[in-house]
Amino acid sequence: MNTRKIRVRFAPSPTGLLHVGNARTALYNWLFARRNGGDFILRIEDTDVERSEARYETQLMEDLQWLGLDWDEGPGEPGEKGSKTKDKGPNGPYRQSERQQIYTKLTKKLLKDGLAYRCFCTVEELEADRRTAVARHQPQVYSGRCRKLPLKAIVKNLDAGKPFTVRLKVGEQPLRFHDMVRGDVEFASETVSDPILVRSGYENLPGMPVYNFVVAVDDALMGITHVIRGDDHISNTPKQVAIYQAFGWKVPQFAHLSTILGADRERLSKRHGATSISSFREMGYLPEALINYLALLGWGAEDGRTETFTMPELLKAFTLERVTPSPAIFDFDKLNWLNRHFMKTASSSRLARLAWEYFGFMLPEKDQASDDVLVWFANLVQLFSQSVDHLDQLPAKALFMFGFNATEARAKEENAEILAADSSRLVLGELANRARAHYEPVTPEIFKEWMNAIKEATGIKGKELFHPVRIALTGTHSGPEFDKLIPLMEQGSTLRLGVPSVRSRIERFVGV
RNA sequence: GGCGCUAUCGUCUAGGGGUUAGGACGUGAGAUUCUCAAUCUUAAAACCCGGGUUCGAUUCCCGGUAGCGCUACCA
């Protein structure tokens with residue numbers, strides 16, 4: 001029955017970093033739009049002048065782009081740090097701060113049509129009403145005192161220069177809307193009462209419109225067909241519906257997404273650790289892992305078992321009908337699992353490119369690195385990324401590749417214990433003998449021969465054999481397989497990165 | 001206080017009037033490996049409570065409880 005093109009919007013306020021909750025809202029909007037051939041609109045709700053900052057707006061757009069969520073209409077592309085950009089799309093402006101005249105014009109219309117009225121009640125009066133309402137166990141709503149103010153009284157107040165707010169006249173009928181996630185929702189009109197549309201102001205100096213007014217106006221004027229947002233807006237929705245009705249606008253479909261909670265069941269916040277998209281990026285999470293995880297937080301595939309999705313797969317599978325209404329706790333473990341999954345499927349060159357920055361002084365400037373270094377590093381990243389949750393953990397794991405402190409390795413408590421054994425001394429002695437007599441690069445084959453020979457000569461095998469050798473080479477008794485490690489060390493030692501060769505490691509550790 | 005939303009393993013979820021209540025993360029055990037990670041196998045683990053409807057409710061209805069949200073001239 002509704003053949004209008006689907007149009008959805010994501011409307012963040014630039015008062016801080018984009019966090020995972022909002023990012024999920026953006027994702028669901030984007031998926032819904034893309035899947036149904038609709039438009040995804042980005043609108044900046046920057047009416048809170050105190051807290052809004054242009055740099056957050058830029059950051060916001062960069063975060064969305066990083067996630068792969070592009071918009072059809074909105075404030076252009078992110079500009080130079082915090083500079084405002086030109087609108088893209090025919091329904092702008094897309095910043096609420098630039099839409100004031102629109103709101104003022106519509107307020108006048110409402111007033112003229114008798115659908116809204118000036119309210120001269122003071123904050124103190126309102127506060128008193130509220131207190132009595134609570135005492136009487138009644139809803140705290142506006143009494144409607146100024147609704148029936150005779151014209152004479154209004155003129156008198158205006159002449160006296162009294163400031164006023166503008167309130168909407170809400171009718172008797174219950175306010176209903178359909179929620180695609182929760183079904184039909186209904187509010188009795190007396191629990192909504194006459195909401196303020198415009199803050200205190202004067203005839204010649206109108207006040208600022210309030211949020212509920214501007215969202216409804218913007219959504220309607222921008223032709224939004226589906227409002228997908230957080231469930232903290234459910235209680236606002238009847239007010240917005242009343243506004244739509246006053247203007248005679250078609251009420252959109254709503255879909256209210258559940259809250260994302262921390263492990264303590266409180267709303268997820270900075271207190272729970274990293275929650276902003278940019279912090280996840282900085283930690284070396286892959287965008288596709290975050291997207292996949294966010295998709296799973298409050299939605300499940302139809303087959304009830306698929307957990308990993310690429311973006312095209314998500315696009316195919318996602319429907320609003322399968323979004324769950326109950327709140328979800330953010331599970332860092334599962335995110336980590338997904339990130340490990342996507343690190344395995346990512347190409348080693350991409351991983352290497354992303355991981356480069358975490359290695360700081362260990363590596364040369366990226367654009368000055370030779371191809372040999374690039375290839376070597378890609379191999380290193382591929383090997384070590386198997387044992388990390390996210391990329392920024394890589395340098396700690398691979399540190400021993402770049403330098404080797406024999407004294408420190410010996411001093412470590414768990415190492416000292418192993419090294420103290422007679423068998424270890426024997427093994428390392430044998431190893432040193434072989435290394436001394438060997439001037440060619442060590443291959444995994446040669447290394448294997450050494451180990452076999454040592455095993456024969458000493459009768460030591462298994463842990464007693466490998467543990468001390470691993471410590472001598474890497475400084476710890478855990479790490480990747482020697483087959484992979486040995487070539488990496490040998491190749492690395494030719495690259496002027498300060499990577500010690502196998503032989504030099506042994507020499508440094510055992511002594512010459 | 002009022003209004004609203006929500007309720008299946010620890011977590012994310014599937015399911016739905018009769019099921020061995022399924023999957024995934026995490027956890028335990030085992031296999032593998034020199035070790036860690038990975039991988040494979042395997043185990044433990046859930047329908048908030050009380051009424052009603054019904055031959056039968058975890059599923060439908062009502063109530064309670066709990067959590068969360070809104071209750072602003074914030075967004």
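Letters go in sequence order (proteins before strands), and every chain restarts at 1.
For A:F330 and A:H272, the gap between ring centers reaches or exceeds 6.0 Å. Aromatic rings from A:H390 and A:F332 are positioned such that their centres are separated by 6.0 Å or more.
Within the shown strands, nothing qualifies as a pairing partner of B:U33 under the Watson-Crick or G-U definition with both distances less than 3.5 Å. Across all strands shown, B:U11 is found opposite B:A24 as a Watson-Crick or G-U wobble partner, with both distances under 3.5 Å. Base-pair partner of B:A38: not found among the strands shown (Watson-Crick or G-U wobble, both distances under 3.5 Å). The nucleotide B:G50 finds its pairing partner in B:C62, both defining distances of the Watson-Crick or G-U wobble pair being shorter than 3.5 Å. Pairing of B:A57, defined by two Watson-Crick or G-U wobble distances under 3.5 Å, is not identified with any nucleotide.
Between A:F332 atom CZ and B:C12 atom P there is a gap of 14 Å when expressed in whole angstrom units. To the nearest angstrom, P of B:A37 lies 14 Å from CD of A:Q393. When rounded to the nearest whole Å, the span between CZ of A:F309 and P of B:G23 equals 17 Å.
Counting only heavy atoms from C-beta on, A:P139 has its side chain closest to B:G2 among B:G2, B:C73, B:A75. Comparing atom distances between the A:H467 side chain and each of B:C34, B:A75, B:C73 picks out B:C34 as nearest. Closest to the side chain of A:R322, from the set B:A24, B:A75, B:G15, is B:G15. Side-chain proximity of A:V185 to B:C5, B:U35, B:G1: nearest is B:C5. Ranking B:A37, B:G1, B:C34 by closeness to the A:V134 side chain, first place goes to B:G1. Distance from the side chain of A:I329 is smallest for B:U11 among the nucleotides B:G22, B:U11, B:G15.
The residue A:G479 sits close to a base: some heavy atom pair falls under 4.0 Å. A:S13 comes within 4.0 angstrom of sugar-phosphate atoms only, judged by non-hydrogen atoms across all strands, and of no base. As judged by a 4.0 angstrom heavy-atom cut-off over every strand, A:S478 is placed among the base-contacting residues. Among the atoms of the strands shown, none is found under 4.0 Å from any heavy atom of A:R131. Backbone-only contact: A:T324 has heavy atoms under 4.0 Å from sugar-phosphate atoms and none from a base. In this structure, A:F482 reaches the bases: a heavy-atom distance under 4.0 Å links it to at least one base atom across the strands shown. A:G298 comes within 4.0 angstrom of the backbone, heavy atoms only, and of no base. Residue-level contact check: A:T165 touches the bases, meaning some heavy atom is under 4.0 Å from a base atom.
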Identify each atom pair where a protein N or O and an N or O of nucleotides 26-33 of chain B are less than 3.5 Å apart, giving names and distance.
| residue | atom | partner | partner atom | Å |
| --- | --- | --- | --- | --- |
| B:G26 | OP1 | A:R340 | NH2 | 3.0 |

Show the distances under 3.5 angstrom between N or O atoms of the protein and N or O atoms of nucleotides 66-69 of chain B.
| residue | atom | partner | partner atom | Å |
| --- | --- | --- | --- | --- |
| B:G69 | O2' | A:D232 | O | 3.4 |
| B:G69 | N2 | A:S235 | OG | 3.2 |

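When each of A:V388 and A:P163 is assigned the nucleotide of RNA chain B bearing its nearest heavy atom, the one mapping closer to the 5' terminus is A:V388.
Residues A:V181 and A:H256 have side chains not in contact (no heavy-atom distance under 4.5 Å, counting atoms from C-beta outward).
Using a cutoff of 4.0 Å between basic side-chain nitrogens and carboxylate oxygens, A:R130 and A:E127 are scored as salt-bridged. The pair A:R9-A:D219 meets the salt-bridge criterion, since a charged nitrogen lies less than 4.0 angstrom from a carboxylate oxygen. Contact check on A:R95 versus A:E45 returns no salt bridge, with no Lys/Arg side-chain nitrogen under 4.0 Å from an Asp/Glu carboxylate oxygen. Between A:E313 and A:K316, no side-chain nitrogen of the basic residue sits less than 4.0 Å from a carboxylate oxygen of the acidic one, so the salt-bridge criterion is not met.
Between A:K344 and B:U39 there is a side-chain polar atom (N or O) within less than 4.0 angstrom of OP1 or OP2. OP1 and OP2 of B:C25 both lie 4.0 Å or more from every side-chain N or O belonging to A:R305. Phosphate proximity of B:A72 to A:Q140: present, with a side-chain N or O under 4.0 Å from OP1 or OP2.
Classification of the A:F280-A:Y285 ring pair by plane angle, with boundaries at 30° and 60°, yields perpendicular. Ring planes of A:F187 and A:F177: parallel class, angle under 30° (limits at 30 and 60°).
For the C1' atoms, the distance linking B:U6 with B:C25 amounts to 23 Å, nearest Å. Of the C1' atoms belonging to B:C34 and B:U11, the separation is 35 Å, rounded to the nearest Å.
A cation-pi contact links A:R118 to A:F164, judged by a cut-off of 6.0 Å to the six-membered ring centre and 45° from its axis. Taking the ring centre of A:F509 as origin, the terminal cationic atom of A:R505 falls outside the region bounded by 6.0 Å and 45° from the ring axis.
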